Amino acid sequence: MINTTENSKEVAPRGNFIHQLIEKDLSEGKNNGRILTRFPPEPNGYLHIGHAKSICLNFGITQKYGGLTNLRFDDTNPEKEEDEYVRSIMEDVRWLGFEWGERLYYASDFFQNLYEFALKLIHEGKAYVDDQDAETISKQKGTPTRPGIESPFRNRSVEENLLLFEGMKNGEFDEGSKVLRAKIDMSSPNMHMRDPILYRIMKTPHHRTGDKWVIYPLYDFAHGQCDYWEGITHSVCTLEFEVHRPLYDWFIDQLKENEYRPRQIEFARLNLTYTVMSKRKLLELVKDGYVNGWDDPRMPTISGLRRRGYTPASIRNFAERVGVTKVEGTSDVTLLEHSVREDLNKTVQRVMGVINPLKVVITNYPDGLVEQMEAINNPENPDAGTRLVPFSREIYIEQEDFMENPPNKFFRLSPGREVRLRYAYFVKCTNVIKDEVGNITEVHCNYDPESRGGNSPDGRKVKATLHWVSAAHAVKAEVRLYDRLFSVEDPAGQKDRDFKEYLNPDSLVVMPNCFVEPSVKVSPAFSHFQFERLGYFNVDPDSTAEKLIFNRTVSLKDSWSKEKEKAI
RNA sequence: UGUCCUGUGGUGUAAUUGGCAACACGUCUGACUCUGGAUCAGAAGAGUCCAGGUUCGACCCCUGGCAGGACAACCA
């Protein structure tokens with residue numbers, strides 16, 4: 001036999017294109033081998049799964065290659081920014097498992113530096129005060145295909161510019177009456193180089209600097225410089241900033257004093273099917289009450305996912321799976337869901353629960369007898385051990401596990417049919433009790449005492465195994481079933497209509513009368529459970545001693561409904 | 001009629017920098033007889049946007065197209 005195994009190539013994971021880029025920088029000895037990245041959110045909303053990708057990328061780079069990552073709040077627009085968002089962002093980054101330590105920055109920390117830098121540009125004749133209003137300036141900028149024209153104020157003297165900018169800073173002018181602009185090139189093919197605005201006048205108090213400043217730098221004038229002052233080596237941002245890069249570099253050119261310069265690298269933001277990701281839209285959902293806050297379990301926010309029962313590891317794995325490229329694509333939410341299932345499946349406590357209870361009376365079972373049945377905590381992990389589940393004469397099963405007139409493919413309980421109660425006995429349906437209206441109120445069964453544990457000594461088989469809960473011992477709970485918030489693949493892409501038209505009206509279904517086995521109550525250590533046959537659930541933080549609330553993290557894929565569809 | 005970016009199975013990514021395309025998810029099939037959506041074992045599915053060129057050989061380099069995206073906020 002010919003040995004072909006030599007050719008079987010070991011797949012050497014080479015990382016994404018940013019990793020390769022960094023390896024190159026490292027091998028060329030750039031920045032003396034130093035690596036410093038940053039995660040720079042604007043505190044104008046809660047972080048979402050898209051930010052998680054960026055967080056994992058930025059912190060992941062420095063974990064892999066050695067280096068540190070700063071957390072920086074890009075707070076140059078006081079109208080949108082709030083302390084609540086700052087707090088939630090810090091909480092979410094930490095929860096994801098990343099730590100910035102002492103390296104916490106705010107763009108507002110650099111307001112003085114930026115002001116002085118602006119002064120320097122004015123002195124060098126590279127910046128000027130423009131008295132025109134926003135509309136006029138915008139018109140003069142031209143279009144992507146047509147060059148702009150120069151402002152009549154473009155050639156003011158340095159002295160006059162200095163005086164006016166000083167006046168702007170001292171609040172002598174109204175909002176919108178003057179701006180500071182860079183003097184670059186009004187006919188540049190790149191719109192961002194057509195004398196971009198550096199400073200505007202805003203008399204809104206800032207969440208950190210209060211009313212100390214009435215002029216605020218714009219993104220382009222702040223971001224790169226903050227990178228520079230913090231010593232960032234690789235400034236990773238999303239694709240839409242690609243065209244800003246020449247401007248980013250232009251400012252750095254004016255600023256740099258030695259070989260060091262930060263470098264902007266762009267990657268594709270995350271898009272998910274059935275999900276809207278823009279902060280503006282998420283804010284709208286919150287403000288207009290379509291969801292119950294930023295941490296509503298249906299929200300794609302990190303806090304929403306956390307409340308929904310997603311684990312930090314599952315989100316990190318997901319970020320790893322979707323990869324990092326410059327191609328704008330849309331990942332499937334099922335990939336995210338798969339990541340949680342994979343994680344939860346290994347660790348989570350199995351438990352029996354009934355969402356839609358149907359009472360079953362085992363008529364030949366001794367009244368008052370309670371047996372403790374041994375149940376496996378996690379079939380994937382034998383170390384998780386077993387627990388005892390009480391069994392008695394009256395139990396609850398899932399309503400959909402019983403059909404009076406079963407179709408062909410239905411193998412669960414129906415009159416005359418025998419099934420297994422998981423970890424307990426074989427039972428056979430003997431009678432159906434109905435109310436005056438004809439609704440089934442309870443089902444009567446006989447059990448086979450020989451089948452304790454779930455096997456009959458005579459070797460006869462049953463086609464189904466049901467989960468159940470002893471009526472006398474069950475703990476009552478409210479279960480919240482969540483479905484996708486949107487019912488259209490990419491609501492953001494449906495530009496013809498308002499995204500809210502694609503909201504799924506059944507995205508939250510509250511089941512108030514559920515029962516779970518008593519072991520749930522005595523296991524406060526576990527926040528996550530897999531309900532046998534029903535999926536993954538976690539205990540909602542709003543639960544109280546009186547009211548136990550479960551959120552469905554992800555459902556198991558519904559093969560039953562598939563069978564139903566086939567049968568029909 | 002501009003500038004920049006991008007084009008690999010259904011989806012998301014990879015290909016040792018030129019050596020006849022790999023992985024994950026999904027899908028399908030089978031096994032597991034105390035559930036199985038878990039787990040295990042298999043399978044199908046792209047010839048890399050198109051057309052030329054360089055080369056013994058191209059997803060990779062060159063030329064020309066085509067397609068998609070970003071840019072005209074005193075947002076970030």
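The structure displayed is predicted, hence computed values, not measured ones. In what follows, every chain begins at residue 1, and chains take the letters A, B, ... in the order their sequences are listed.
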Within the structure shown, what part of the strands sits under 4.0 Å from Arg422(A) by heavy-atom distance: base, sugar-phosphate, or nothing? base

Whole-angstrom distance between [N] and [M], as gauged at atom [atom1]:
{"N": "C71(B)", "M": "G52(B)", "atom1": "C1'", "result": "32 Å"}
{"N": "U16(B)", "M": "A72(B)", "atom1": "C1'", "result": "44 Å"}
{"N": "G64(B)", "M": "A46(B)", "atom1": "P", "result": "32 Å"}
{"N": "C56(B)", "M": "C20(B)", "atom1": "C1'", "result": "13 Å"}
{"N": "C61(B)", "M": "G69(B)", "atom1": "P", "result": "24 Å"}
{"N": "A70(B)", "M": "U39(B)", "atom1": "C1'", "result": "45 Å"}

What nucleotide, of [options], holds the atom closest to the side chain of [X]?
{"X": "Tyr219(A)", "options": "A76(B), G36(B), U35(B)", "value": "A76(B)"}
{"X": "Arg350(A)", "options": "G36(B), C71(B), A76(B)", "value": "G36(B)"}
{"X": "Pro189(A)", "options": "U6(B), C25(B), G2(B)", "value": "G2(B)"}
{"X": "Val322(A)", "options": "C71(B), A76(B), G12(B)", "value": "G12(B)"}
{"X": "Tyr423(A)", "options": "G12(B), C71(B), C34(B)", "value": "C34(B)"}
{"X": "Thr76(A)", "options": "U35(B), C71(B), A76(B)", "value": "A76(B)"}
{"X": "Ser331(A)", "options": "C34(B), C71(B), G12(B)", "value": "G12(B)"}
{"X": "Thr143(A)", "options": "G37(B), A72(B), C25(B)", "value": "A72(B)"}

Mind checking whether [X] and [Y] have side chains closer than 4.5 Å, heavy atoms only?
{"X": "Arg387(A)", "Y": "Glu517(A)", "answer": "yes"}
{"X": "Val354(A)", "Y": "His467(A)", "answer": "yes"}
{"X": "His338(A)", "Y": "Thr334(A)", "answer": "no"}
{"X": "Met202(A)", "Y": "Pro78(A)", "answer": "yes"}

Partner residues of [X] under the side-chain hydrogen bond (donor to acceptor under 3.5 Å, both in side chains) criterion, sequence neighbours left out:
{"X": "Gln225(A)", "result": "none"}
{"X": "Arg208(A)", "result": "Ser108(A), Asp109(A)"}
{"X": "Arg422(A)", "result": "Glu532(A)"}
{"X": "His223(A)", "result": "Arg38(A), Arg72(A), Asp74(A)"}

Short of 4.0 Å, heavy atom to strand atom, which residues of [range] count as contacting RNA chain B?
{"range": "residues 131-140 of chain A", "answer": "Gln132(A), Asp133(A), Ala134(A), Ser138(A)"}
{"range": "residues 264-279 of chain A", "answer": "none"}
{"range": "residues 167-185 of chain A", "answer": "Gly176(A), Val179(A)"}

For [N], does OP1 or OP2 lie under 4.0 Å from any side-chain N or O of [X]?
{"X": "Thr330(A)", "N": "G12(B)", "result": "no"}
{"X": "Gln20(A)", "N": "A15(B)", "result": "yes"}
{"X": "Thr334(A)", "N": "C25(B)", "result": "no"}

When syn is taken as a glycosidic angle within 90 degrees of 0, is U13(B) syn or anti? anti

Under 4.0 Å between a Lys/Arg side-chain N and an Asp/Glu carboxylate O for Glu320(A) and Arg316(A)? no

Does Glu398(A) come within less than 4.0 Å of Arg412(A), counting only side-chain N to carboxylate O? no

Minimum heavy-atom distance [X]-[Y], with the two atoms named:
{"X": "Gly353(A)", "Y": "Leu534(A)", "value": "O-CD1, 3.5 Å"}
{"X": "Ala268(A)", "Y": "Lys53(A)", "value": "O-NZ, 2.8 Å"}
{"X": "Leu198(A)", "Y": "Arg181(A)", "value": "CD2-C, 3.9 Å"}

In RNA chain B, consecutive runs of at least three Watson-Crick or G-U pairs below 3.5 Å, as range with range, amount to B:2-7 with B:66-71, B:10-13 with B:22-25, B:27-31 with B:39-43, B:49-53 with B:61-65

Using 30° and 60° as the class boundaries, would you call the ring planes of Tyr46(A) and Tyr85(A) parallel, tilted or perpendicular? perpendicular

Is the ring pair Phe117(A)/Trp229(A) parallel, tilted or perpendicular, if the boundaries are 30 and 60 degrees? perpendicular

Rounding to a whole Å, what distance do you find between [X]:[atom1] and [N]:[atom2]?
{"X": "Arg420(A)", "N": "G36(B)", "atom1": "CZ", "atom2": "C1'", "result": "12 Å"}
{"X": "Phe17(A)", "N": "A14(B)", "atom1": "CZ", "atom2": "C1'", "result": "14 Å"}
{"X": "Leu21(A)", "N": "U17(B)", "atom1": "CG", "atom2": "C1'", "result": "14 Å"}

A cation-pi test, strictly: NZ or CZ of Arg484(A) under 6.0 Å from the centre of the six-membered ring of Tyr274(A) and no more than 45 degrees from its axis. Yes or no? yes

Within 45° of the ring axis of Phe267(A) and under 6.0 Å from its six-membered ring centre, is that where the NZ or CZ of Lys326(A) lies? no

Protein-nucleotides 66-70 of chain B N/O pairs under 3.5 Å:
none

So which protein N/O to nucleotides 39-44 of chain B N/O distances come out below 3.5 Å?
none

From CA spacing to verdict: side chain to side chain donor-acceptor pair (under 3.5 Å), Gln140(A), Ser151(A): CA-CA 7 Å; Gln140(A) 288 172 352; Ser151(A) 163; 4.6 Å; no

Residues two or more places apart in sequence or in another chain: which of them pass ring pair (Phe, Tyr, Trp, His ring centres under 6.0 Å) with Phe173(A)? none

Could you tell me which residues satisfy ring pair (Phe, Tyr, Trp, His ring centres under 6.0 Å) with Tyr128(A), sequence neighbours excluded, listed by chain and number? none

